[in-house]
2 protein chains.
Amino acid sequence: MKRFIEVEQLLKTQGIRLTAQRALVLRRAVAYLHFTAEELVKDVREIDASVARGTVYRTLALLHRAGVVEKHDFRYGPPNYEVTFAKAHHDHLMCVQCGEIIEFQEPRVEALQQAVVKRFGYQLLSHTHKLYGLCRACQHADPRRAPKHPHLHVEEVVA
Amino acid sequence: MKRFIEVEQLLKTQGIRLTAQRALVLRRAVAYLHFTAEELVKDVREIDASVARGTVYRTLALLHRAGVVEKHDFRYGPPNYEVTFAKAHHDHLMCVQCGEIIEFQEPRVEALQQAVVKRFGYQLLSHTHKLYGLCRACQHADPRRAPKHPHLHVEEVVA
DNA sequence: TGCTTGTTGAGACTGAGTCTCAAGTAGAAA
DNA sequence: TTTCTACTTGAGACTCAGTCTCAACAAGCA
């Protein structure tokens, strides 16, 4: 709820009107850690079926432009969204078997990134850094069970 | 041509039949550094219009399974493919303005990745690490010109 | 109250990729 | 050779995620 109110403030300062539909989309989005666009559509429409799919997508795009949500292309399944507003920068580690997503910080990697771009005369704007592997449980589990996709998963935020 | 022949050998050892259509797709793919599936379809069909779109996609999937081709999700535009066979591992740095893609190697990052997964008890299988920025030329160029997409671009391979 | 502008729902549309299926082809077996 | 089987193909329908269009509606201002 706290985050919802903070985002509400932010949108106000940007002159973006927070309609009932947008508020609903935002409220549902902040409830998740990672979600896909279609999952959010389904979730929102379960609460209010009159909200159109297009409205959810439009709101997601709006929140993205406002710097509230980020889009992640994980290798498995459709793109994932995340409300990154008021959250420290982090990268992701994903279990390819169960889909668990862990957020991690590694400042030494960021330093090396700066060194790389400097080497080529680039100015760094952003990056994606994703690690794929097997979590402890999946390393010992039956490998034949079907892999899940990385949606709506619990995450650990790591300082 | 050398790479084409090497891949041909590899497919033979895997018992994969190299039909005329597949050979054409492969020959065109190795000619590129990075390409999108649709670009490859267009290119192949310019040479032989009788090759179906589905065949190009099927062959691409086949080459991917055989470990010859890798898929990259850059943030701008559709996924990029790359013939990585007999090529050293590398990550990518992309100019978001002109679409230039530079391949780089940074073993110290790889070492840190191992440290991260160890921290969480994961077994690392693969990773994606992409840096986005402005190349030297684009830092000084008119920022209003339309950004290009990262297709078919010249790359530098860095030892 | 009227005007302007922004937002919405509905649904058509798009692009990228997948699937199906009948026809064609390669290579092994007879 | 011919026959058989399994694989591969072209054509095109289909799917899925996402975008666009447009008429109706709502908010905020004068």
Side-chain angles (χ1 to χ4, degrees), chain A residues 8 11-29 34-66 69-81 149-152, chain B residues 8 11-29 34-66 69-81 149-152:
Chain A
E8 201 179 358
L11 297 181
K12 195 168 278 177
T13 65
Q14 297 192 14
I16 295 170
R17 198 189 294 169
L18 193 66
T19 64
Q21 291 90 335
R22 288 177 180 176
L24 174 57
V25 171
L26 175 59
R27 214 184 317 266
R28 295 312 301 149
H34 293 98
F35 56 92
T36 68
E38 285 301 314
E39 280 164 347
L40 188 60
V41 167
K42 192 162 168 284
D43 182 314
V44 163
R45 288 176 57 86
E46 267 166 23
I47 296 166
D48 181 352
S50 78
V51 176
R53 217 162 68 93
T55 299
V56 177
Y57 274 93
R58 274 187 296 242
T59 305
L60 214 39
L62 184 98
L63 293 172
H64 186 246
R65 280 197 304 277
V69 270
E70 263 180 40
K71 190 180 169 185
H72 301 298
D73 267 303
F74 288 104
R75 267 214 286 259
Y76 308 86
N80 246 254
Y81 293 85
H149 284 319
H151 306 155
L152 305 176
Chain B
E8 203 179 357
L11 297 181
K12 196 167 280 178
T13 65
Q14 296 193 15
I16 296 169
R17 199 188 293 169
L18 194 66
T19 64
Q21 291 91 335
R22 287 177 181 177
L24 174 58
V25 171
L26 177 58
R27 215 185 314 268
R28 295 312 303 150
H34 293 98
F35 56 91
T36 67
E38 285 301 315
E39 279 164 348
L40 188 61
V41 167
K42 193 160 168 283
D43 183 313
V44 164
R45 288 176 57 86
E46 266 165 23
I47 295 168
D48 181 353
S50 78
V51 176
R53 218 162 69 93
T55 299
V56 176
Y57 273 94
R58 273 187 295 241
T59 305
L60 213 40
L62 184 97
L63 294 172
H64 187 246
R65 280 196 305 277
V69 177
E70 262 179 42
K71 190 179 169 186
H72 300 298
D73 267 302
F74 288 104
R75 266 213 287 258
Y76 308 86
N80 247 253
Y81 293 86
H149 285 318
H151 307 155
L152 305 177

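Naming: A, B, ... by sequence-line order, numbering from 1 per chain. Values in this document were obtained by computation on a predicted structure and should not be read as measured data.
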Output the rounded distance in Å from [atom1] ([X]) to [atom2] ([N]).
| X | N | atom1 | atom2 | answer |
| --- | --- | --- | --- | --- |
| L63(A) | dT7(C) | CG | P | 12 Å |
| D73(A) | dA16(C) | CG | C1' | 14 Å |
| E38(B) | dT14(C) | CD | P | 15 Å |
| L26(B) | dT8(D) | CG | C1' | 17 Å |
| Q14(A) | dG6(C) | CD | C1' | 16 Å |
| R53(B) | dC14(D) | CZ | P | 15 Å |
| Y57(A) | dT21(D) | OH | C1' | 18 Å |

Legend entry - N/O donor-acceptor pair, side chain R58(A) with base dG18(D), under 3.5 angstrom: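 For R58(A), whose side chain was compared with the base of dG18(D), there is no donor-acceptor pair (under 3.5 Å).
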Legend entry - First of S50(B) and K71(A) reached from the 5' end of DNA chain D, by closest nucleotide: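 So the residue in question is S50(B).
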Legend entry - Members of residues 17-24 of chain A that approach DNA chain C, where some heavy atom sits under 4.0 Å away: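 Those residues are R17(A), T19(A), Q21(A), R22(A).
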Legend entry - Selected nucleotide, minimal atom distance to T55(A) side chain, candidates dG17(C), dT8(C), dA11(D):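 It is dT8(C).
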Legend entry - Side-chain ion pair, E46(A) and K42(A), N-O less than 4.0 Å: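 The answer is yes: the pair qualifies as a salt bridge.
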